Amino acid sequence: MKGSVIVPGGGVGGVIAANLLRKRLPAEYTVTLIDREENHVFAPSLLWLMTGDREAAAISRPLRNLREKGIEVVHGDIEHIDAENHTVLVNGQSISGDYLIVALGAALAPEDVPGLDAGYSFYDLKEAERLRQQISTFQKGHVVALTVSPVYKCPAAPYEAAMLLSHYFQMQGTRSQIRISFYAAEAGPLAVAGENVTEAVRQMLQERDIAYHPQHLIQTIDASTHTLHFANGVQDSYDLLVYVPAHKPPKVIRESGLLGQNGWVEVDRHTLETKVPGVYAIGDVTGIPLEMGKPLPKAGVFAHGQAKVVANNIACQITGKGRLMQFDGHGECFVELGDHKAGFAHGDFYASPSPVVKVARPGVRWHLGKVAFEKNWFRAWF
Ligand SMILES: Cc1cc2nc3c(=O)[nH]c(=O)nc-3n(C[C@H](O)[C@H](O)[C@H](O)COP(=O)(O)OP(=O)(O)OC[C@H]3O[C@@H](n4cnc5c(N)ncnc54)[C@H](O)[C@@H]3O)c2cc1C
């Protein structure tokens, strides 16, 4: 039995899918993972990198380590995907497989807002390191946290960042000299999860004296005067700008013919198969509409669950063994609050007519849960 599965993307979804398939498929069946980055970065820990609680080496691993498990790893920028022919063009070479699992994530597009480069992000390793450097010398003034668009990965992350920054400045003894504001493009924190979650996070912000301004779409930033201009006419000034940029599908995906009407890859919400047979897409690159009208949030927890389903189902098809599974929209999320505390929410995002999400009382144990999850991550997959 010979054949191959190609996995474009070595982030959360791709690494899990490749690992699980390698375990289930016979040795003559190749599993090839392709990524432009040499290292896999555990994104939730970028927040701890920002505050100086982690170093880059502790939250990343070389993708080439996966070769020791029998996964073929190709390092290169994917230039083209020919979905109909299950073929990927990388480093000028075409690689074809019986199945494709597209896990290319969401591309960050800071260039969409003029002047945004005056600020700092924490959405990739280099940016998080730059921000860490910046806050280490910031003593007083106005910190503005900003989400450029309501669609971004990990709906909790910018809220966690604002609260962790508040705690960081408190520990530095400078918090009383620093005002923190949060301008959100979205209607409320983690709005898709429901009013109870939104309200809980709003309260967390309030308790930390973080002024919250939802439904503010940034238009331009004048770096010379440090002024933010919003679409609704509001203006504000900042001394330190911390932002989450707009997200869009990677260029190679925009040109692949796989996009649906909502601008992301269209998939069956239970099997993750695209409109092209044998081609699956998982994680942030997909757009899965929920009954309530908003899309399934982009989050590692969903990329993880989807990778499990797709890897299982492809292995079943190839080996004829096992039972087919369906992705059921369940997910959970830790919300870091600073001071070694975190909140926790979990629920069913496919529930009808809207997601049913429960919030646990914040405490030290959820923070420890997140630390344990981080530790297990590299143990499990690298
Ligand atoms: C600060 C932060 C905190 C977060 N915290 C959490 C959390 O606590 N819980 C949670 O569930 N989620 C969290 N997330 C979100 C989570 O990291 C993402 O949702 C998850 O990584 C999505 O997985 P993915 O496989 O779809 O895409 P990714 O993990 O983004 O992987 C995509 C991969 O594709 C590669 N790629 C893209 N285009 C190309 C190309 N043309 N050629 C070659 N390679 C390419 C990229 O290099 C990347 O490695 C957080 C994200 C951030 C930024």
Side-chain angles (χ1 to χ4, degrees), residues 6-18 33-51 54 59-61 63 73-81 88-91 95 101-108 121-125 127-128 131 147 151-161 164 190 242 244-245 247-256 264-265 267 272 281-288 296-307 310 331-336 342-346 349 366-367 369-371 373-374 377 381:
I6 313 292
V7 186
V12 170
V15 161
I16 294 176
L33 181 136
I34 310 166
D35 205 292
R36 60 156 73 103
E37 301 295 336
E38 294 207 2
N39 291 321
H40 170 96
V41 175
F42 183 66
S45 300
L46 289 173
L47 292 162
W48 290 329
L49 184 102
M50 171 187 83
T51 53
R54 294 288 185 282
I59 66 166
S60 48
R61 291 290 183 280
L63 281 167
V73 178
V74 177
H75 177 225
D77 209 338
I78 297 167
E79 296 147 50
H80 182 67
I81 294 181
V88 170
L89 182 67
V90 58
N91 300 330
I95 306 180
I101 306 177
V102 179
L104 291 174
L108 305 179
S121 181
F122 52 94
Y123 260 51
D124 69 33
L125 192 71
E127 278 290 308
L131 178 55
T147 58
V151 177
Y152 54 85
K153 52 185 158 183
C154 193
Y159 295 91
E160 294 179 280
L164 287 172
L190 291 78
V242 180
V244 175
H247 288 33
K248 52 173 106 161
K251 183 167 171 284
V252 69
I253 290 296
R254 298 202 296 273
E255 296 165 352
S256 68
W264 296 89
V265 177
V267 288
L272 288 312
I282 55 176
D284 292 353
V285 79
T286 64
I288 300 181
L296 180 73
K298 298 192 181 303
V301 64
F302 297 125
H304 189 151
Q306 293 166 354
V310 171
E332 67 274 325
C333 158
F334 298 100
V335 182
E336 276 292 292
F344 183 73
H346 64 104
F349 285 75
W366 300 121
H367 168 75
K370 189 161 181 170
V371 172
F373 188 81
E374 177 199 43
W377 184 259
W381 309 117

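Owing to the predicted nature of the structure, the values given are computational and were not obtained by experimental measurement. Read the numbers this way: they start at 1 and go in the same order the structure lists the ligands and their atoms.
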(message) What's the separation between atom OG1 in Thr286 and atom CG in Leu296, rounded to the nearest 0.5 Å?
(response) 7.0 Å
(request) State the OG1-NE2 distance between Thr147 and His247, to the nearest 0.5 angstrom. (result) 10.5 Å
(request) Applying side chain to side chain contact (heavy atoms under 4.5 Å, CB included), run through Ile59 and Trp377 and close with a yes or a no. (result) CA-CA 10 Å; Ile59 66 166; Trp377 184 259; over 6 Å; no
Work out whether the distance between some heavy atom of [X] and some atom of ligand 1 is less than 4.0 Å.
X      : answer
Lys370 : yes
Tyr123 : yes
Cys333 : no

Among [options], which residue places a heavy atom closest to [atom]?
atom                    : options                        : value
atom 10 (C) of ligand 1 : Ala157, Gly105, Gly300, Gly305 : Gly300
atom 36 (N) of ligand 1 : Leu104, Val88, Ile34, Val41    : Leu104
atom 11 (O) of ligand 1 : Asp284, Val102, Val335, Val301 : Val301
atom 2 (C) of ligand 1  : Gly76, Ala299, Pro249, Ala43   : Ala43

Quick one: which ligand 1 atoms are inside 4.0 Å of a heavy atom on [X]?
X      : answer
Ala303 : 23 (O)
Asp77  : 40 (C), 41 (N), 42 (N)
Glu37  : 47 (O)
Gly283 : 26 (O)
Gly11  : 25 (O), 28 (P), 29 (O), 31 (O), 33 (C), 49 (O)

Protein contact of [atom] - nearest heavy atom, named by residue and atom, plus distance:
atom                    : answer
atom 38 (N) of ligand 1 : Arg36 NH1, 3.5 Å
atom 14 (N) of ligand 1 : Cys154 CB, 3.3 Å
atom 25 (O) of ligand 1 : Gly13 N, 2.8 Å

Measuring only between side-chain heavy atoms, which start at C-beta, is [X] closer than 4.5 Å to [Y]?
X      : Y      : answer
Leu272 : Ile288 : yes
Pro250 : Val285 : yes
Tyr123 : Val244 : yes
Phe122 : Glu160 : no

(request) Please check if the distance between the ring centroids of His346 and Trp366 is under 6.0 Å. (result) no
(message) So, regarding Asp35 and ligand 1 (criterion: nitrogen or oxygen to nitrogen or oxygen, under 3.5 Å), is there a contact or not?
(response) yes
(message) If the threshold is 4.0 Å, N to carboxylate O, is there a salt bridge linking Arg36 and Asp77?
(response) yes
